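Taking it in order: structure first as structure tokens, then the write-up.
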Amino acid sequence: MPPEALLDELLAVATEAATTAGALLLDGRPADLGVAATKSSPVDVVTEMDLASEKLVLELISTRRPADGYLGEEGADRPGTSGVRWVVDPLDGTVNYLYGLPGWAVSVGVEWQGEAVVGVVAAPARGEVFHAVRGRGAYLNGRRISCRPAPPWGQALVGTGFNYVQEVRVRQAGILHALMPEVRDIRRGGAAAVDLCDVAAGRLDAYYERGLQPWDRAAGVLIAEEAGARTGSRPGRPADGSLTLAASPGTFEALQARLEALGAWHD
């Protein structure tokens with residue numbers, strides 16, 4: 001683990017980056033974005049806002065921490081010399097953003113020598129900022145949060161997400177079809193970072209998704225873990241692109257076993 005003073009600094013910069021970019025996205029979204037005149041223009045505006053958010057975050061981090069590495073969804077990937085790497089999704093939940101739904105966020109994760117140590121997820125349309133530092137717990141708007149105690153399997157509320165590739169979605173729908181009758185219900189929020197934070201806050205009993213990129217899960221997985229949730233992939237493996245799973249202890253084991261039996265880690 002890095003020194004406490006460094007963790008404090010990383011948290012301060014991550015919070016500034018996530019909240020400033022979140023404010024840019026919230027204030028800069030046209031009120032009529034979802035009903036723009038041409039088919040391409042809404043997507044173009046969202047892309048422009050996504051890139052503007054990434055530019056803001058990258059410039060802020062580069063100014064505050066010039067020796068650090070950086071990996072961002074919009075293509076920025078630079079090595080660093082400090083042992084610190086920032087893993088950033090400048091707009092998680094772009095479809096929600098396009099349609100004016102509140103479930104979108106800026107996700108800023110920080111790694112120290114390959115281990116996630118700081119995570120901040122700002123969801124400004126919900127008025128929420130989640131954060132966690134390794135070993136210090138998870139917080140929502142400054143208030144300590146924890147995952148929900150495991151319910152009986154049949155009462156679990158499970159979140160998930162789907163790939164944009166049609167053939168993959170069909171396979172994922174088959175997994176969901178098998179799983180849905182066994183649990184209380186399924187939720188599909190549309191932003192992985194927000195879903196992981198909702199597990200941390202006790203709003204979901206579990207969440208799973210295949211195909212997440214490092215920037216999708218970097219901050220959210222740490223926040224879920226620090227809230228007491230278990231995270232992983234297939235048995236014995238950490239959360240990765242093949243499968244990301246986060247759930248309350250007890251629910252985690254039950255869901256992991258079902259997903260393993262259903263072959264949810266492949267298409």
Side-chain angles (χ1 to χ4, degrees), residues 92-93 103 105 107 109 115-116 119 121 123 128 130 132 134-135 137-140 144-163 167-214 216-267:
D92 183 41
S107 175
E115 179 188 19
V121 174
E128 296 179 342
F130 297 85
R134 178 74 66 187
Y139 295 82
L140 165 56
R144 186 81 177 253
I145 55 174
S146 60
C147 64
R148 180 180 293 273
W153 174 239
Q155 296 177 23
L157 183 63
V158 179
T160 192
F162 300 101
N163 197 284
E167 310 87 79
V168 178
R169 290 166 70 91
V170 169
R171 168 67 180 163
Q172 291 173 326
I175 301 296
L176 190 62
H177 180 75
L179 189 64
M180 185 176 287
E182 302 179 11
V183 298
R184 180 189 295 273
D185 209 345
I186 301 292
R187 293 290 182 268
R188 195 273 198 261
V194 176
D195 288 336
L196 288 162
C197 288
D198 280 344
V199 171
R203 296 165 175 169
L204 292 171
D205 295 302
Y207 163 76
Y208 77 93
E209 187 165 350
R210 173 166 166 73
L212 296 186
Q213 298 297 324
D216 295 318
R217 61 181 188 268
V221 164
L222 176 63
I223 292 167
E225 290 174 350
E226 286 296 314
R230 287 197 60 192
T231 69
S233 178
R234 297 187 66 186
R237 293 177 54 175
D240 58 23
S242 67
L243 189 67
T244 296
L245 169 60
S248 304
T251 302
F252 177 90
E253 293 80 0
L255 181 56
Q256 186 182 55
R258 287 300 293 133
L259 294 174
E260 175 79 1
L262 294 168
W265 63 90
H266 61 76
D267 303 324

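These figures come from a predicted structure and were not determined experimentally.
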Counting only N and O atoms by type, is there a donor-acceptor contact under 3.5 Å from the side chain of [X] to the main-chain atoms of [Y]?
X    : Y    : answer
R184 : Q155 : yes
Q172 : N163 : yes
E182 : G154 : no
S107 : V121 : no
T160 : R188 : no
R210 : S242 : yes
D92  : D216 : no

What's the spacing between [X] [atom1] and [Y] [atom2] if we round to 0.5 Å?
X    : Y    : atom1 : atom2 : value
D205 : D198 : CG    : CG    : 11.5 Å
L204 : R148 : CG    : CZ    : 9.0 Å
F130 : I145 : CZ    : CD1   : 5.5 Å
Q256 : R237 : CD    : CZ    : 11.0 Å
Y208 : L176 : OH    : CG    : 5.0 Å
I175 : L243 : CD1   : CG    : 10.0 Å

Closest heavy-atom contact between [X] and [Y]?
X    : Y    : answer
A156 : V183 : O-CB, 3.3 Å
L140 : R203 : CD2-NH2, 3.6 Å
G161 : Y207 : N-CE1, 4.4 Å
V221 : A239 : CG2-CB, 4.3 Å
A218 : A116 : O-CB, 4.4 Å
G119 : A219 : CA-CB, 3.8 Å

Does some side-chain heavy atom of [Y] sit less than 4.5 Å from a side-chain heavy atom of [X]?
X    : Y    : value
V158 : T251 : no
Y139 : I223 : no
S248 : P151 : no

Give a yes or no on whether a salt bridge exists between E209 and R217, defined as a side-chain N under 4.0 angstrom from a carboxylate O. no

